[in-house]
Amino acid sequence: MFKSFTRSLRNLIVSAVLLFVFIWGFKFFHEFLTFKQIIRNLKAESRIAEALVVDSSVDEYTRKYTTTIKFLEYDVRGKPLKLNIYF
């Protein structure tokens with residue numbers, strides 16, 4: 001009885017660790033690809049971009065303004081680059 005419980009607990013712990021490693025690896029890989037694309041965009045000979053105001057609002061209580069800006073970058077041929085950054 002105790003042996004099967006220990007084996008089940010060990011399998012559960014190993015599964016949890018493998019799941020954690022898989023999720024961390026996926027997140028790391030996604031960030032790596034994004035970073036690689038940013039570097040590729042920065043190495044371009046010329047850069048063309050548009051800055052668009054997507055949303056602007058004011059909080060009546062705190063009187064603070066919030067503005068959402070969307071940056072669109074284009075390559076030398078005028079085609080939009082895939083990576084768009086929101087601030």
Side-chain angles (χ1 to χ4, degrees):
M1 170 86 180
F2 184 71
K3 198 176 204 179
S4 66
F5 174 74
T6 322
R7 186 179 304 144
S8 299
L9 185 61
R10 185 182 65 209
N11 289 342
L12 181 65
I13 291 172
V14 168
S15 299
V17 168
L18 288 176
L19 181 65
F20 175 75
V21 168
F22 176 76
I23 291 172
W24 180 81
F26 182 77
K27 183 179 179 212
F28 177 78
F29 184 70
H30 179 67
E31 289 177 359
F32 173 76
L33 290 180
T34 303
F35 179 70
K36 192 173 177 182
Q37 188 173 6
I38 289 171
I39 296 297
R40 188 178 331 117
N41 292 347
L42 290 173
K43 287 183 177 180
E45 291 180 19
S46 67
R47 296 177 68 192
I48 303 168
E50 283 183 277
L52 304 171
V53 176
V54 177
D55 184 37
S56 184
S57 62
V58 62
D59 185 358
E60 295 293 330
Y61 183 71
T62 61
R63 294 234 187 259
K64 289 188 179 181
Y65 289 91
T66 304
T67 303
T68 304
I69 299 174
K70 180 178 181 181
F71 291 93
L72 301 169
E73 292 186 275
Y74 300 95
D75 65 6
V76 214
R77 295 181 201 97
K79 288 176 41 181
L81 295 175
K82 291 183 180 180
L83 182 66
N84 294 321
I85 302 172
Y86 291 89
F87 290 100

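The structure presented is a predicted model; accordingly, all values stated were derived computationally and were not measured.
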### Task
Could you check F20 against W24 for ring-ring contact (aromatic ring centres under 6.0 Å, His included), going step by step and ending with a plain yes or no?
CA-CA 6 Å; F20 175 75; W24 180 81; 7.8 Å; no
### Query
Looking at side-chain heavy atoms only, is the closest gap between V53 and T67 below 4.5 Å?
yes
### Query
Where is the tightest heavy-atom contact between V54 and K70, given as atom of each residue plus distance?
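Shortest heavy-atom separation between V54 and K70 comes out as CG2-CB, 3.5 Å.
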### Query
side-chain contact (heavy atoms from CB on, under 4.5 Å) with L52: which residues, sequence neighbours excluded?
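Here the qualifying residues are E50, L72.
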### Query
Picking from L12, V17, L18, what satisfies side-chain contact (heavy atoms from CB on, under 4.5 Å) with V14?
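Result: among L12, V17, L18, L18 is the only option passing the side-chain contact (heavy atoms from CB on, under 4.5 Å) with V14.
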### Message
Quick check for you: to the nearest 0.5 Å, what is the distance between T34 atom OG1 and I39 atom CD1?
### Response
12.0 Å
